[in-house]
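Read the numbers this way: they start at 1 and go in the same order the structure lists the ligands and their atoms. Computed from heavy atoms alone, side chains included, the values below leave out hydrogens, waters and symmetry copies. Quick caveat, the model's predicted, so the values are computed rather than measured.
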Amino acid sequence: MTVTLLAPRLILSGGGSVSKVAEVLAQLGLSRPLVVTDPWMASSGTVERCLEPLRAAGITPGLFHETVPDPTDEVVAAGVRAFRAGDYDCLIGFGGGSPMDTAKAMAILAAAPEGVHIRAFKVPAGANNGAVPVICIPTTAGTGSEATRFTVITDTANDEKMLIAGLGALPLAAIVDHQLTWTVPPRTVADTGVDSLTHALEAFVSRKANPFSDDYARLAMRLIAPNLRRAYADAQNGGGGARDEEAREAMMRGAMLAGLAFSNASVALVHGMSRPIGAHFHVPHGLSNAMLLPAVTRFGLQSALPRYAEAARIMGVAGEGEGDQSAAARLVEELEALNRDLSVPSPASHGIAADRWDGLLETMAAQALASGSPANNPRVPDAGEIVALYREVYA
Ligand SMILES: NC(=O)c1ccc[n+]([C@@H]2O[C@H](COP(=O)([O-])OP(=O)(O)OC[C@H]3O[C@@H](n4cnc5c(N)ncnc54)[C@H](O)[C@@H]3O)[C@@H](O)[C@H]2O)c1
Ligand SMILES: CCCCCCO
């Protein structure tokens, strides 16, 4: 089986590794970065963890701190204008998935002729073109965007979350420093943690799974499953007393490995369904995945039973000698228990009351099918089945 592995050229990991950002740029022959981040990172001073080491190395970094959650084409265009207004040779995405995706989309657009809109690179076109070098430094654990060839940008003209894929979106380097997650609120620790578990599980059952992606997915599940509740408790503890550094580092590495897995195997129905929810209801990406994960996993269980059963064993919720049917059932039970333990809110509590959906269900089912992700699902659903799932999950 011929398999291609797509990954950043350099990945630096470990507590405090963000302090080596100038050395990473030097290794890559880069010296004039524009740092791309969100307003909180700037106002809280957190972005100084990246800026200060750059200045100490004699580098004068630019700063674009206007990114928004679920980044939009308009913010990407504003970022490209900022990039073109300066003499920059690279971009540093510093933050959660939103700033990182913004930087990746800016990198693609900045390498295109003036006036081209980012939707020109929407899948199925993809962006295998050249791009401005991007270094990603995640501060949530996590989307895994620091290691993937994707960026997700909302087209404000029609409220659609566009998937942009290709080598042009793949970061040249990533610095994965779990100490940057100390300040993440518990809700976001939980949502981004379930997001990373969803990435690993969906890559593992995907019809595009391959030996490379399987290895990364297995490693990711092995790291995330026993540490997500610990990381959540650590965030709730708010740093009072000793940090659970072991759990936080495991979550950060697990999120990046899950990113490598789905970057090479794609995702499946959970992501296909969560994207329209994010676009229509502005539910945070990780949360919309978490809300769907147990029900969609139960929906597809019989179509990839051995894989789901192995995932249960890897996550430590089924015994090695346990039969596939029983092991896979335990996986669904664990995902439901995880949502309870992480207080994943019900959709209704997020203001998505079922009666608001009448006109939207068909649109969301169509968008889910058009997203391409469901085609990677072992059991490719039809629009009616997706509508039924939405009703079940959001009843
Ligand atoms: N490109 C990919 O492969 C990929 C994969 C999954 C998700 N995504 C995208 O990523 C985005 C979601 O990213 P996310 O879940 O990381 O959330 P986010 O980047 O939108 O951040 C969520 C909130 O957490 C805050 N935050 C982030 N790091 C923090 C820290 N260390 N301390 C305190 N607050 C912090 C942010 O300021 C923001 O208010 C979505 O747009 C989604 O589409 C992309
Ligand atoms: C192939 C789909 C990639 C999804 C990116 C995270 O939402």
Side-chain angles (χ1 to χ4, degrees), residues 6 18 36-47 49 65 67-72 75 93-105 123-124 126 134 136-154 161-166 169-171 174 177-196 198-199 202-203 206 208 213 235 238-239 248 252 255-256 258-279 282-290 371-376:
L6 299 177
V18 66
V36 178
T37 194
D38 70 33
W40 184 86
M41 292 292 161
S43 62
S44 64
T46 304
V47 72
R49 300 288 302 279
H65 56 76
T67 71
V68 296
D70 292 323
T72 65
V75 171
F94 181 90
S98 294
M100 290 195 285
D101 272 17
T102 306
K104 291 160 76 169
V123 169
V134 185
C136 280
I137 305 176
T139 63
T140 61
T143 66
S145 178
E146 68 275 13
T148 78
R149 58 187 175 90
F150 305 116
T151 176
V152 181
I153 302 298
T154 295
K161 287 189 87 169
M162 301 181 290
L163 177 66
I164 292 159
L170 185 66
D177 182 345
H178 63 279
Q179 291 178 357
L180 293 172
T181 66
W182 287 158
T183 50
V184 179
R187 179 74 266 137
T188 306
V189 166
D191 297 342
T192 51
V194 178
D195 188 26
S196 61
T198 306
H199 293 152
E202 291 222 291
S206 170
K208 293 184 174 180
S213 64
R248 295 308 200 104
M252 198 68 155
M256 187 271 292
L260 283 171
F262 84 83
S263 184
N264 288 280
S266 187
V267 287
L269 182 56
V270 172
H271 275 78
M273 288 179 67
S274 70
R275 208 173 303 149
I277 294 168
H282 306 293
V283 173
H285 171 82
L287 180 53
S288 57
N289 282 337
S371 78
S373 301
N376 306 319

Within the 4.0 Å heavy-atom shell around Ser266, which atoms of ligand 2 are there?
1 (C)
Hey, which atoms in ligand 1 end up nearer than 4.0 Å to a heavy atom of Ser145?
1 (N), 2 (C), 3 (O)
closest protein heavy atom to atom 18 (P) of ligand 1 is Ser98 OG, 3.6 Å
Considering non-hydrogen atoms of the protein only, which is the closest contact for atom 28 (N) of ligand 1, and what is the distance?
Thr139 OG1, 2.8 Å
His285: numbered ligand 1 atoms lying under 4.0 Å from its heavy atoms:
6 (C), 7 (C), 40 (C), 42 (C), 43 (O)
Heavy-atom contacts with Pro71 under 4.0 Å: which atoms of ligand 1 show up? List them by number with element.
41 (O)
Under 4.0 Å from ligand 1, counting heavy atoms only, is it the side chain of Thr183, its backbone, both or neither?
both
Could you check atom 26 (N) of ligand 1 against the protein and tell me its nearest heavy-atom contact, residue, atom and distance included?
Met41 CE, 4.0 Å
Checking a contact table here: which protein heavy atom is nearest atom 22 (C) of ligand 1, and how many Å away?
Thr188 CG2, 4.5 Å
If we only count N/O pairs under 3.5 Å, is His199 in contact with ligand 1?
no
Atom 32 (N) of ligand 1 touched by protein heavy atom at under 4.0 Å:
yes
Does the Thr154 side chain pair with the main chain of Thr72, one donor and one acceptor, at a distance under 3.5 Å?
no
Residue and atom name of the nearest protein heavy atom (relative to atom 15 (O) of ligand 1), distance in Å to one decimal:
Thr192 CG2, 3.3 Å
From atom 7 (O) of ligand 2, work out which of His285, Arg149, Lys208, His199 has a heavy atom at the shortest distance.
His285
Taking 4.0 Å as the limit for heavy-atom contacts, which would you say applies to Leu163 with ligand 2: side chain only, backbone only, both, or neither?
side chain
Region of Val184 that comes within reach of ligand 1 [heavy atoms, distance under 4.0 Å]
both
Within 4.0 Å of some non-hydrogen atom of Pro99, the atoms of ligand 1 are 19 (O)
Got the closest protein heavy atom to atom 8 (N) of ligand 1, with its distance?
Asp101 OD2, 3.9 Å
Between CZ of Arg248 and CD of Gln179, what distance do you get to the nearest 0.5 Å?
11.0 Å
One residue to check: Met100. Relative to ligand 1, which of side chain, backbone, both or neither has a non-hydrogen atom less than 4.0 Å away?
neither
Would you say Asp70 and ligand 1 have an N/O pair spaced under 3.5 Å apart?
yes
Just heavy atoms, cut-off under 4.0 Å: does Leu180 contact ligand 1 by side chain, backbone, both, or neither?
backbone
Where on Thr143 is there a heavy atom closer than 4.0 Å to ligand 1, on the side chain, on the backbone, on both, or on neither?
both
In the protein, which heavy atom is nearest to atom 17 (O) of ligand 1, and how far is it?
Gly97 N, 4.2 Å
Side chain, backbone, both or neither: which applies to Phe262 and ligand 1 if a contact is any heavy-atom pair less than 4.0 Å apart?
side chain
Measure the distance from atom 38 (C) of ligand 1 to every protein heavy atom, then report the residue, atom name and distance (to 0.1 Å) of the closest one.
Asp38 OD2, 4.2 Å
Contact (N/O only, under 3.5 Å) between Thr181 and ligand 1:
no
